[in-house]
There are 2 protein chains.
Amino acid sequence: MADRRGEGDGVVTTPKTTADTPADVRERARAIPEAAVARLAVYLRVLSGMAEQGVTTISSEELAGAAGVNSAKLRKDLSYVGSYGTRGVGYDVEVLVSHIERILGLTRKHSVAVVGIGNLGHALANYGGFPSRGFPVAALFDIDPDLTGVPVGGIPVDHIDDITSVCSAREVSIGVIATPPQAAQAVCDRLVSAGVQCILNFAPVVLQVPDYVEVRKVDLAVEMQILSFHVARRADEAAGDVVNGVGVDGVVIRP
Amino acid sequence: MADRRGEGDGVVTTPKTTADTPADVRERARAIPEAAVARLAVYLRVLSGMAEQGVTTISSEELAGAAGVNSAKLRKDLSYVGSYGTRGVGYDVEVLVSHIERILGLTRKHSVAVVGIGNLGHALANYGGFPSRGFPVAALFDIDPDLTGVPVGGIPVDHIDDITSVCSAREVSIGVIATPPQAAQAVCDRLVSAGVQCILNFAPVVLQVPDYVEVRKVDLAVEMQILSFHVARRADEAAGDVVNGVGVDGVVIRP
DNA sequence: CCAACTTTGTGCAAGCGTTCACAAGCGGTA
DNA sequence: TACCGCTTGTGAACGCTTGCACAAAGTTGG
């Protein structure tokens, strides 16, 4: 499926028309909006699925439908990657996949370290989606000495005191924090001092990091509360449309 | 969106001072940008922590620092909630907490159902952050008959065939999908037919739902790929700063 | 009571991202 | 080769979000 790392270099499909020097790619990558990057990752997954099903060509309309966006946005997003479509026809699935992978930096392996082997840490260590997409889990850490040496998902757990040395040695480029909130900042600091520049944080805290470190946050409580907000808004609207809040507001809304 | 029915007639009087009728809250909630809602949830957590530490008053500058945003944005966000600060002083922590909770709909309990009791599902079922924040886990589901009846995190697992009846009976308002991608859409359809209008989706697929259903997606692979993009961009920039062109995949990481 | 100081709340302008609309380009056909 | 229909790629308009800067409002000290 998405195992085309390694390729891309020698291969260089980028043929005829567009010159596409590394400098171009660099310049282009710099300008891609964050939101578009997130969507590119989604397109990539959809395209991988298409490729598996034997689809070789796809139009922006089809791909947009499958990815849940409108086709204009999709084309604009793809235009950040380059012009690899054929007018009147659509996009070659394989070509598109390889170019998106290149832009997303998936031609290179990114070793991952997971810190905090609790419920979530276990789930992450065993999550098949990481290695199969070019993100091998190279190290696991926990503060509990009883866990040290115990293999989880095939990888032995190290003690968090060894984060710096182990991460440096194994060239970890992405750190995943799945610790309790109290420990998160300390763990983060160690990861940073080990040279890790990208962090995925599951702990419900705002991490303080140097400018050159990129942090992405996955906050379950926040997600739930956003949903809660929508539940409430919806309930309010319904209440406002039909009945209305008792006597407090005598406002009548007519549908 | 496109839910402006009802209004347009002589609705809502937008009173002078701070009367704050339910209609006002309704009107205000409707207007809060999605991005601001997400931040409000973060402010809420920070404020809760402050309250626990005995802090009673906080300025926008302090709170902004703790939440990792700039103070102007914070004040604008809070202004969506209402004007509950005291000029020259700051905000009363407790007051702010209660108003944000009200806006986010946290005064009401939202029962949660988790579908797919694999690694992630287990972690979610045992995650203490849910119940403690007003999101009691009321039901668990899996397709595996061997799991049915087995309690996980104190709640017995039901079979996914019973999603509709159980969710209706227990008034589940938020569904969490932690199944493999192939099963996600079917599970989603069942949740929707059970009346669930908010879904948190961990499966790496784009769910198709009716307009009135709100879906939030947590996609680990996408998060990793976004980080990968930044690693690559950084590497490219570093390479571009020093050498120009040449190497296809210049690595070079700089501190 | 006044003056000096602090901090909120917000109008406004700049910046991004999304959407629209259409010219340009390509394959197929006669 | 010339024409036709289809789909891409993108300039331009639009709308949402952010950040600035400052008046309004409150506190404190004399």
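Proteins get letters first, then strands, A, B, ... in listed order; numbering begins at 1 in each. Keep in mind that what you see is a predicted model, and the values were worked out from it rather than measured. Side chains are part of it too, since the values below use all heavy atoms of this structure and drop only hydrogens, waters and symmetry mates.
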Could you check which of dT18(C), dT10(C), dT8(C) has an atom nearest any side-chain atom of R39(A)?
dT18(C)

Is the shortest side-chain N/O distance from S60(B) to OP1 or OP2 of dT8(C) below 4.0 Å?
yes

Which residues, if any, of residues 44-54 of chain B bring a heavy atom under 4.0 Å of DNA chain C?
none

Please list every donor-acceptor pair under 3.5 Å in which a side-chain atom of residues 33-41 of chain A meets a protein atom from a residue at least two apart or in another chain.
{"residue": "E34(A)", "atom": "OE1", "partner": "H230(B)", "partner atom": "NE2", "Å": "3.2"}
{"residue": "E34(A)", "atom": "OE2", "partner": "R216(A)", "partner atom": "NH1", "Å": "3.0"}
{"residue": "E34(A)", "atom": "OE2", "partner": "H230(B)", "partner atom": "NE2", "Å": "3.3"}
{"residue": "R39(A)", "atom": "NE", "partner": "D77(A)", "partner atom": "OD2", "Å": "2.6"}
{"residue": "R39(A)", "atom": "NH2", "partner": "D77(A)", "partner atom": "OD1", "Å": "3.1"}
{"residue": "R39(A)", "atom": "NH2", "partner": "D77(A)", "partner atom": "OD2", "Å": "3.4"}

Judged by nearest nucleotide, the residue sitting upstream toward the 5' end of DNA chain C, A35(A) or V89(A), is A35(A)

Rounded interatomic separation in angstrom, taking OH from Y80(B) and C1' from dG9(C):
12 Å

Apply side chain to side chain donor-acceptor pair (under 3.5 Å) to S173(B) and list each qualifying residue two or more places apart in sequence or on a separate chain.
none

E61(A) CD to dT19(C) C1', straight-line distance once rounded to whole Å:
13 Å

Side chain to side chain donor-acceptor pair (under 3.5 Å) against D92(A), all qualifying residues, sequence neighbours excluded:
none

Taking atom P of dT8(C) as reference, at what distance in whole Å does atom CG of D77(B) sit?
14 Å

Partners of T179(B) by side chain to side chain donor-acceptor pair (under 3.5 Å), sequence neighbours excluded?
none

Residue that, paired with I177(A), satisfies side-chain contact (heavy atoms from CB on, under 4.5 Å) out of V205(A), L207(A), V218(A):
L207(A)

Please name all residues satisfying side chain to side chain contact (heavy atoms under 4.5 Å, CB included) with R108(B), sequence neighbours left out, ordered by chain then number.
V231(A), H110(B)

Whole angstrom is fine here: how far is it from CG in L63(B) over to P in dG9(C)?
12 Å

Specify the separation, in whole Å, of atom CD of E34(B) and atom C1' of dG17(C).
16 Å

Is a side-chain N or O of S48(B) found less than 3.5 angstrom from the main chain of L44(B), in a donor-acceptor match?
yes

E101(B): partners by side chain to side chain donor-acceptor pair (under 3.5 Å), with sequence neighbours left out:
none

Chain A contact limits on DNA chain D, taken 5' to 3' with a cut-off of 4.0 angstrom to heavy atoms
dC6(D) to dA12(D)

Nucleic acid contacts of residues 65-76 of chain B, taken as heavy-atom distances under 4.0 Å to DNA chain D:
N70(B), A72(B), K73(B), R75(B), K76(B)

Identify, with sequence neighbours excluded, every residue that meets ring pair (Phe, Tyr, Trp, His ring centres under 6.0 Å) alongside Y91(A).
none

Could you tell me which residues satisfy side chain to side chain contact (heavy atoms under 4.5 Å, CB included) with V213(B), sequence neighbours excluded, listed by chain and number?
V192(B), I199(B), V209(B), P210(B), V215(B)

Can you list every salt bridge (charged side-chain N to carboxylate O under 4.0 Å, His left out) pair that touches residues 52-75 of chain B, not counting sequence neighbours?
none

